[in-house]
Amino acid sequence: MRPFSYQRATDPAVAVQALSAAAAANDALTKAAAQPLAGGTTLIDLMKLDVMRPTAIVDINPLADGWSAIDPGNDGLRLGALAKMSDVAAHEEIQRHYPVIANSLKLAASAQLRNMATLGGNVMQRTRCSYFRDVSYENCNKRNPGSGCAAMDGVNRMHAVLGASDQCIATYPGDFAQALVALDAMVEITGRSGTRNMPFSELHKAPGNTPDIETTLRPGELISAFSISGRWPRSVYLKARDRQSYEFALSSAAVALDVREGTVRDARIALGGVATVPWRAREAEAVLKGQKFDDGLAQRVADAAFADARGRRHNSFKIALGKRVVARALQQAVTMEI
Amino acid sequence: MTAAAPEPKVNMGQPVPRYDAAAKVTGRATYASDMPLDNPAFAFLVTSAIAKGRIDGFDLDDAKRVRGVIDIVTHENAPKLKESKLFSNGGYAGTTIQPLKSADIAHDGQIIAVVVAESYEAAREAANRVKVSYTATAPSATFDSPGTTTAAAKGQSAQFKEDPEVGDFAKAFDTAEVKLTASYETPTQHHNPMELFSTSCVWMGDNLVIYEGSQFVYGLKNGVAEQLGIDADKVRVVNPYVGGGFGSRGSMTPRTAIIAGIAKRLNRPIKLVPTRDQGFTITTHRAETRHEIKLGASRDGKLLALRHEGAEVSSRPDAYCVGGTKTTARLYACPNVASLVSIVRADRNTPGFMRSPPEVPYLFALESAMDELAVKLNMDPVELRRINDTTNEPIGGKPYSSRSLMACFDEAAKAFGWAQRSPQPKSMSDGEWLIGYGCAATCYPTQMAPSAARVRLQRDGRTRVEIAGHEIGTGAYTVIAQTATERLGVPLEKVAVFMGDSDLPPAPVAGGSNSTASTCSAVMMVCDQIRQRLFKAVMPDSLTDKAKETVGISQAPATQAAKSDRPLDIEKAFNALGVGVVEEYGEWKPEGAPLDSFKAMHSGQVRIVGGHAMKDQIAYAFGAEFVEVRINRFTHEIRCPRLVGAFAGGRIMNPRTARSQLMGGLIWGMSSALLEATEIDERNARYVNDNLADYLVPVNADVPGVEVIMLSEQDDHINPAGVKGLGELANVGTNAAICNAIHHATGQRIRKLPVRLENIEV
Ligand SMILES: Cc1cc2nc3c(=O)[nH]c(=O)nc-3n(C[C@H](O)[C@H](O)[C@H](O)COP(=O)(O)OP(=O)(O)OC[C@H]3O[C@@H](n4cnc5c(N)ncnc54)[C@H](O)[C@@H]3O)c2cc1C
Ligand code: SF4
C-alpha cells in the first residue's frame with residue numbers, strides 16, 4: 001500500500017469538495033487521486049494489491065446519519081447509499097415487498113462483509129478478474145489502458161459472455177445492482193452543484209474501447225441514495241455459484257413480475273455473473289410480456305436473454321447455465337406465494 | 001459426552017479437551033510472526049512475473065526513495081548460500097531451485113528480490129515500486145505443453161524405488177470376463193494453511209534463532225545451518241504453535257536461509273511475512289496427476305488383473321514424485337498386477353507433500369475404477385470390495401498387521417443408510433435436486449520414525465515432557481500429555497509439554513501421519529524408564545537385578561494403561577531415592593529402522609518406516625466413506641449434505657482430537673473433489689487464482705452434515721503406542737466417493753477433478 005492522506009467528511013459538501021479538489025480534469029474516476037471510503041471492503045483490498053493508488057482517502061462514513069435511510073413507502077422505496085448490506089437484507093418490509101433486493105444482498109459475500117459494506121460501495125465494487133487484481137500481469141486494459149487483455153485467451157471461467165468488447169471481458173461481480181437495474185431504480189448523485197437523479201441503468205458503462213471507465217460518475221460525485229417506485233412482491237433473485245455461500249455468481253437472475261390470471265402483465269429481468277455491467281435483458285422481457293406463462297415460454301425468454309452471448313475458452317458454459325437460471329427464476333417468480 | 005467428545009470405546013483414551021484450547025481461542029497462542037522481536041526490520045519479497053528466462057536488470061530508484069527502506073537484495077548482492085540437496089536425496093530442501101543465485105528464472109513467482117525496511121508497509125510499498133526487466137522464454141506449463149519431458153520415475157527419483165508388479169497382468173487382462181479401462185485426472189492444489197509462510201531471524205552473536213511455522217524443526221535447523229555454512233548447534237528453530245501445515249512446512253524452503261543471511265549482514269532481527277499469493281510459489285504444492293487404470297475381473301467380481309499407470313508433473317531440476325501405486329497395487333486381492341509411474345518435467349516450482357500425498361490422487365483413480373467395475377458387474381460397490389478384501393497384500397504376500405476395511409464399510413453403510421439406496425443411477429431425487437449416494441475405501445500407511453524425549457517427574461507429581469514435536473493443530477500437545485499421564489499415573493493438570501523448539505530432544509517431521517505413533521512411543525518409553533528407576537528404588541534388595549529390570553514396566557503396549565498393571569507410590573519411591581526430581585532422556589526407534597536412525601534423527605534427516613516397506617508385514621489404517629450429493633436440475637450446482645466415514649486406526653489416543661482430524665479430512669476430501677484447483681495459465685505457466693477468494697475451499701454452509709465413526713481396533717504389531725495415525729486417512733477416499741455419488745445421481749461418470757457445475761450434463 002502506498003501512503004495516502006485521510007480525511008473524514010463531516011458533511012456532503014466537504015466530501016464533494018475534498019474529492020473534486022484532488023481530481024485532475026480528465027482522470028478516469030477509478031484513477032482519481034482522491035477516493036471515497038465507505039465500508040472499505042473493495043477499496044482497501046485493491047490498495048493493498050497496488051491496483052488502486054489514491055493519494056487521498058475521504059471517509060464518507062460520518063455522513064451515515066443522513067445517508068443510510070431504509071424507507072419503504074406505499075409507492076416506493078428509498079435506500080441511502082451508506083445503508084449497510086446486512087441491514088437492508090434483514091429489513092422485514094424489504095423482504096416482503098422487494099424480495100429480489102433482500103435476497104440479492106443476503107446471498108452476497110459473507111455476514112462479516114455485509115456488516116461492513118454499504119449499498120453505494122456495493123454497486124461501485126470492481127471486477128474480480130484475477131489478471132486485473134494482480135499487478136504483475138502487464139496486460140490489462142482496465143488497469144493499464146492500451147496494454148491488452150490477459151484474460152481474453154487466458155483463464156476466463158469467471159468472465160462475461162454478454163457486453164464484452166475486444167478490449168475487456170471482465171464480469172461485473174455484484175448482485176444488488178441486478179435488482180436495481182431490473183426495478184428501474186433511480187440513483188441520486190451528490191456533486192458540486194447539488195444532487196441530481198438518473199436511471200441506475202445509466203450508471204455502469206460497458207467496456208467498449210475504454211474499460212478503465214466503468215461508470216458515468218465523475219471525480220467529486222458521490223452516490224447518495226437509490227430509489228424505486230412501486231412495490232415488487234413477486235420478485236426473485238436466483239444465484240448459481242460454486243459453493244453454498246460466500247461466493248460470487250457464476251450466473252444470476254433478478255426477476256420481477258406482475259402476473260394476473262396467468263398472464264404476465266409486466267416483467268423485469270436482469271442478469272448477473274455473466275455480463276460486464278448489471279445487465280437488463282429487455283429483449284427477453286418483450287418475449288414474456290403479455291403472454292400466458294408456461295415452461296416453453298420460459299425457455300424462449302431465456303434464449304432471447306442470451307441471444308447475443310459469446311463464450312470464450314472456459315466460460316461458454318455460462319450461456320447454457322444462464323438460460324436455465326433465467327427459466328428457473330421465472331418459474332419461481334410465477335409460482336411464489338405473495 | 002458430546003458429539004465433539006465421543007464416548008471412548010475399547011482401546012481408546014479419554015476425550016480430554018485440547019491442552020492448548022484456551023490459549024488458542026483467546027488468541028494467546030503465539031505463532032511465528034507473533035514473536036516479539038527487538039527492533040526488527042521488515043522484509044517483503046519481490047517475485048518474478050515470468051516463469052522462465054532471465055532478469056536483464058532492476059530499476060530500484062523509485063523503490064529506494066520510499067522512506068524507511070534499508071536495503072534491497074537481489075541476485076547481484078545477495079548473501080552467498082551453500083546448496084542444499086533435496087530432502088529425498090539426503091538433504092533438507094523441498095526444492096533445489098535456489099533463488100537470488102543468478103539472473104535465471106526457473107518458475108513463476110520465484111523470489112527475485114527482498115526489500116528490507118523499517119516497517120512492513122514501507123517494505124511492501126517499495127517492493128511494489130521495484131521495476132524488473134526480463135528476457136522471457138516460452139515456458140512449459142503442464143501436461144501436454146510443448147517442451148516437457150517425460151520419463152519413468154524409477155531410476156530418477158530416490159523417493160520411488162520400484163513399480164510394484166506381480167503375476168502376468170497382460171495375460172490375465174486379456175482373458176478376463178469383465179474389463180475396464182479408464183483415465184483419471186487430478187489438478188494442482190495448494191495447502192493454504194491459515195498461517196502465512198512467515199520467517200523471523202534473530203542473530204545473537206554467532207547464534208541464530210529462527211521463528212517459523214515448521215513441521216520439522218530439526219530438519220529446518222540443520223538445513224539452514226548447512227546453507228549458511230555454520231554449525232547446526234548454533235541454530236535454533238522455535239514454533240510452539242504452527243497454524244496448519246498439511247505438508248507445506250515439512251521441508252525447508254529457500255526463504256529461510258535468505259532471510260537469515262540478510263539479518264546477519266544487516267545485524268538486525270528481520271521479520272518476513274509473505275502474502276497469500278506468494279505462498280503459492282515460494283513453497284510447494286500438490287502436483288497435477290494423470291492415471292490410467294485397467295481392471296480385469298471374473299463375472300462374480302474377483303479381481304484378476306490390475307494395472308495402474310500414473311504420471312505426475314514436477315519441476316525441471318527435481319524429480320519429486322508421490323508414486324501412489326505402492327498403495328493401489330496392494331489394496332485388494334489380485335494375482336496379476338502391473339504399474340508404472342512417470343514424471344513429467346515442466347517449468348514449475350517443485351511440488352511437495354500435501355496431506356496424503358500418494359493416496360489422494362492414486363486412490364481417486366482406483367476407487368473410481370472399482371465403482372465403475374461394480375456398475376459393469378451390476379454389483380453393489382460395497383460387495384465388490386468385500387469380494388476382493390484380503391488379509392495379505394498381493395505383491396509380496398505379506399500379511400496386513402490388522403485390516404478393518406470391511407468392518408468400516410459395514411458400520412458406515414449402516415449409519416449412512418446405504419440400504420435405502422436404489423442402485424439405478426438417476427433413480428433418486430427430492431424436488432429440484434437429483435440425489436446420489438456413493439462410497440469409497442480409504443487407507444493410509446502406518447508410519448513411524450525415530451524420536452527422542454525427555455521427561456522430568458517431581459515429587460509432587462508435576463511432570464515436564466520435552467520433545468521437539470509439532471503442534472500443527474492436530475492435538476499433539478494433548479495426546480503427549482495424556483501419554484505421560486497414563487504411564488506415570490499423574491493427573492493431567494500436572495503435566496506440562498514443551499514442543500516446537502529444536503533445542504528440545506529430536507522428534508520426526510510432522511508428516512506421513514507418523515507423529516502420534518512416534519512421539520507417544522518415545523514418551524511412553526521414557527516414562528517407563530522413570531517408572532523403572534522408581535520401582536527399583538522401592539524393591540526389596542532380595543530381588544535380583546534382572547527381576548528389577550522388568551518390574552513396573554508394562555509388558556503390554558499402551559492398550560492397557562500402565563498404571564493399572566502395577567501401581568506406583570511416587571512419594572515412597574522419591575523417599576527411597578532421596579531426590580526431588582527424576583529426569584530421564586531416551587531415544588526410541590521403530591522396529592526395522594535403519595542402523596543410522598539415531599544419528600540421522602539428530603541431524604534432521606527422516607528415517608520413516610512402515611506402510612508397505614516393513615519386513616514381515618504391511619501396516620495401514622483403513623476406513624470407508626459414504627457421501628450424499630445433490631445436484632440441482634436447473635443450475636447443476638453440486639452440494640454435499642452428508643459425509644459419513646468409519647475409520648479404524650489402531651489405538652485412538654483421544655477420541656476428541658481424533659474425530660476432529662477425521663472430520664477435517666472428510667471436509668478436505670469434499671473440497672478436493674468439488675472445489676480446489678490451482679488454475680494455471682498455460683501460456684505463461686503462472687498460477688492465476690492465487691488467493692483465497694478465487695482458490696475455493698468450503699465454507700460452513702457447504703458442510704451441513706459430517707459424521708465420524710471410530711472403530712475399536714487393536715494392533716500390537718506396529719509400535720508400542722499401538723497407534724496407526726489418522727491425520728491423513730480421511731481425505732483420501734472422499735474424492736472417489738463423491739464422483740461415485742455423482743454417477744449415481746446423474747448416470748454421468750466424471751473422471752477429472754474438481755467437478756464443477758459445468759461438468760454436469762443432466
Ligand atoms: C471475499 C469477498 C466476497 C464478496 N462476495 C460478493 C458477492 O457474492 N456479491 C456481491 O455483490 N459482492 C461481493 N463482495 C463485494 C462486496 O459486496 C463489496 O466489496 C462491498 O459491497 C463494497 O462496499 P463498501 O462499502 O465496503 O465499499 P468500499 O470498498 O468502501 O468502496 C468501493 C468503491 O466504491 C467507491 N464508493 C464507496 N461509496 C461510494 C459512494 N457513496 N459514492 C460513490 N463511490 C463510492 C469507493 O471509492 C470504492 O472505489 C465480496 C467481497 C469480498 C471481499
Ligand atoms: S478482462 Fe478486463 S480486467 Fe480482466 S485482464 Fe482483460 S482488460 Fe483487464
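So you know, we letter chains A, B, ... as the sequences are listed, proteins then strands, and number each from 1.
One finds the CG atom of B:Asn689 at 12.5 Å from the CZ atom of A:Arg133 (value rounded to the nearest 0.5 Å). Residue A:Asp134 holds its CG atom at 5.5 Å from CZ of B:Arg686, rounded to the nearest 0.5 Å.
Side chains of A:Ser130 and B:Asp694: a donor-acceptor N/O pair is present below 3.5 angstrom, by distance only.
Of residues 752-762 of chain B, those residues with a non-hydrogen atom less than 4.5 Å from any non-hydrogen atom of chain A are, in numerical order, B:Arg756, B:Leu757, B:Glu758.
Proximity to chain B is absent for every atom of A:Glu138, based on heavy atoms less than 4.5 angstrom apart. Proximity to chain A is limited to the backbone of B:Ile680, based on heavy atoms less than 4.5 angstrom apart. For chain A, no part of B:Ala127 is nearby; none of its heavy atoms comes within less than 4.5 Å. Contacts of A:Asp242 with chain B are made by both backbone and side-chain atoms, with heavy-atom separations under 4.5 Å. Within the 4.5 angstrom heavy-atom criterion, no atom of B:Tyr120 approaches chain A.
Between A:Arg313 and B:Glu682 there is a salt bridge, with a side-chain nitrogen of the basic residue lying less than 4.0 Å from a carboxylate oxygen of the acidic one.
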key: Stepwise side-chain hydrogen bond (donor to acceptor under 3.5 Å, both in side chains) test for B:Asp681 and A:Tyr131   = CA-CA 11 Å; B:Asp681 188 328; A:Tyr131 300 100; 2.7 Å; yes

Residues B:Thr635, A:Arg241; criterion side-chain hydrogen bond (donor to acceptor under 3.5 Å, both in side chains); working and verdict = CA-CA 9 Å; B:Thr635 63; A:Arg241 45 188 168 166; over 6 Å; no

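Side chain of B:Arg124 to backbone of A:Arg2: no donor-acceptor contact under 3.5 angstrom is found. Side-chain atoms of A:Arg324 come within 3.5 Å of backbone N or O of B:Phe634 as a donor-acceptor pair. Between the A:Arg328 side chain and the B:Arg633 main chain, no donor and acceptor come within less than 3.5 Å of each other. A distance-only check finds no donor-acceptor pair linking the side chain of B:Asp702 to the backbone of A:Arg243 [under 3.5 Å].
B:Glu125 and A:Pro3 make their closest contact through OE1-CD, 3.1 Å (heavy atoms, listed as atom of the first residue, atom of the second, distance).
Ranked by heavy-atom pairs shorter than 4.5 Å toward chain B, the options A:Arg157, A:His314, A:Lys318, A:Arg128 are led by A:Arg157. Between chain A and the options B:Glu121, B:Arg129, B:Arg67, heavy-atom pairs under 4.5 Å are most frequent for B:Arg129.
Listed by chain and residue number, nothing satisfies the side chain to side chain donor-acceptor pair (under 3.5 Å) test with B:Ser145 (two or more places apart in sequence, or in another chain).
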